[in-house]
Amino acid sequence: MKLLTHNMLECRIKGIENRYPFVIEASQVDTVEQDFDPDFLRHMYPRLEWPALKAAADSLGVTGLPTSVSEDMLEDEEFLKVFHHALLEVVLIEGFLVCPESGRKFPVSKGIPNLLLNEDEV
Amino acid sequence: MRTASISLTTYNREVYEPSDDTFLLVDALLKASSQWPKRPYLCIEIGCGSGFASCALALILCQLGLPHHLIALDISKDAVTATRATLKAHGVISADVVQDRFQDFLSRTEQQYDIVVFNPPYVPTPDEELQRTDIARSWAGGWKGRIVIDQFLSYVPKILAQEGQLFLVVVSENDPPGILKALEELDSSLSGQVLMTRRADEELLSVLHIQRR
Ligand SMILES: C[S@@+](CC[C@H](N)C(=O)[O-])C[C@H]1O[C@@H](n2cnc3c(N)ncnc32)[C@H](O)[C@@H]1O
């Protein structure tokens with residue numbers, strides 16, 4: 001699972017307020033090379049929660065993302081390359097997604113997060 | 001245009017086998033794709049099963065040179081495992097696989113998608129069939145085959161991006177004109193049409209193509 005996908009997930013457990021973003025507990029992370037496409041990054045940027053991407057990248061030791069992004073940075077190739085790498089090339093293979101409030105852990109196995117809740121959790 | 005190939009697709013007793021509905025869906029994607037403007041696409045397939053349609057979509061986008069990210073979502077463990085294998089066998093690296101119910105997954109997002117694909121459980125069955133947790137989940141649709149479809153329709157206004165497109169497989173018993181009308185009533189910026197129709201054994205299958213303008 002890429003950090004782009006992580007950016008779109010939240011804990012759906014009932015009765016909590018703070019469900020986003022998942023904290024990542026990684027036991028295996030891979031890097032997969034992807035085609036660099038500035039247009040794709042500019043298309044995705046407004047749909048992302050930047051602080052969640054930054055926190056996820058930090059937690060996996062992926063460095064170089066700024067705390068905030070300004071419009072003109074989206075024209076800067078050096079920034080876009082770092083953004084591209086964090087968003088698309090870093091892949092969580094094994095580990096857990098941990099709900100920031102309840103601590104409920106959702107397993108990630110072979111790259112697939114399982115977000116299914118038990119009946120008493122919905 | 002290369003799409004997915006059966007020989008590279010994983011399925012088993014617990015996973016919906018690519019069937020006439022799957023192939024019609026892929027043909028509909030192929031047909032529509034000739035009109036897709038050159039821009040990036042964020043995509044989701046709901047109920048990806050074997051991953052055949054997800055794979056086809058990713059391969060079409062690749063060959064058209066359209067950058068994209070695809071989420072392949074299914075409630076079933078066997079399905080997501082199969083989809084992962086199918087994507088891998090086809091060399092698709094633009095997709096991530098997630099195991100969840102769409103009712104929960106789509107509740108989060110203000111996330112909006114440019115392409116949404118769903119071949120839902122559409123077969124008319126007694127409503128009790130919906131409680132099953134085996135392969136019946138891939139086809140059992142309850143009254144008129146509309147129970148799962150109707151749950152899904154309520155999310156469409158929220159998840160479809162500007163210029164976004166939905167491809168939805170239905171059968172005649174689902175009342176396709178009624179589905180199109182329901183969507184237009186939910187959100188007046190949505191408009192849809194029947195993109196393709198095909199008879200397969202007792203089923204009269206269609207792919208509905210809904211767009212936000
Ligand atoms: C008709 S099959 C389609 C499979 C595949 N997309 C194809 O076209 O061959 C429907 C799929 O939806 C999945 N499904 C059923 N209910 C679901 C739900 N609530 N959330 C997510 N997936 C669901 C089933 O597990 C099944 O894989």
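Sequence lines set the chain letters: A, B, ... in the order given, protein chains first and strands last, and positions in each chain run from 1.
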Handout entry: Contact origin within A:D39 toward chain B - heavy atom pairs under 4.5 Å
Key = both
Practice task
Check each atom of B:R84 against the heavy atoms of chain A and say whether the ones under 4.5 Å are side chain, backbone, both or neither.
Solution key: side chain
Completion exercise
Heaviest contributor of heavy-atom pairs below 4.5 Å to chain A, chosen from B:H68, B:R39, B:Q99, is B:Q99
Problem - chain B contact via A:V108 - which portion, at a heavy-atom distance below 4.5 Å - result: neither
Fill in the blank from the handout: Honestly, the part of A:Y20 sitting under 4.5 Å from a heavy atom of chain B is side chain
Exercise for the section: Please look at B:I71 and chain A and tell me whether the side chain, the backbone, both or neither of the residue comes under 4.5 angstrom of a heavy atom of that chain. Expected result: side chain
Exercise for the section: Evaluate side-chain contact (heavy atoms from CB on, under 4.5 Å) for B:D104 paired with A:L115, printing each intermediate quantity in order. Expected result: CA-CA 9 Å; B:D104 288 321; A:L115 300 180; over 6 Å; no
Handout entry: Greatest number of heavy atom pairs closer than 4.5 Å to chain B - which of A:K110, A:R42, A:Q34, A:K2
Key = A:K2
Fill in the blank from the handout: Cut-off 4.5 Å, heavy atoms of chain A, and the answer for B:A72 is neither
Practice task
Answer with side chain, backbone, both or neither: which region of A:E49 has an atom nearer than 4.5 Å to a non-hydrogen atom of chain B?
Solution key: side chain
Exercise for the section: Could you tell me whether the side chain of A:R12 and the main chain of B:F105 form a donor-acceptor pair under 3.5 Å? Expected result: no
Practice task
Using non-hydrogen atoms and a 4.5 Å limit, figure out which bit of B:T83 sits close to chain A: side chain, backbone, both or neither.
Solution key: neither
Fill in the blank from the handout: The interface call for B:I75 against chain A, heavy-atom contacts under 4.5 Å, is both
Exercise for the section: Quick one: do B:H69 and A:M44 satisfy side-chain contact (heavy atoms from CB on, under 4.5 Å)? Show the steps, please. Expected result: CA-CA 10 Å; B:H69 176 67; A:M44 286 312 306; 5.7 Å; no
Practice task
Please flag which part of A:N7 lies under 4.5 Å from any non-hydrogen atom of chain B: side chain, backbone, both or neither.
Solution key: backbone
Exercise for the section: Go through the atoms of A:L9 and report whether side chain, backbone, both or neither lie under 4.5 Å from a heavy atom of chain B. Expected result: both
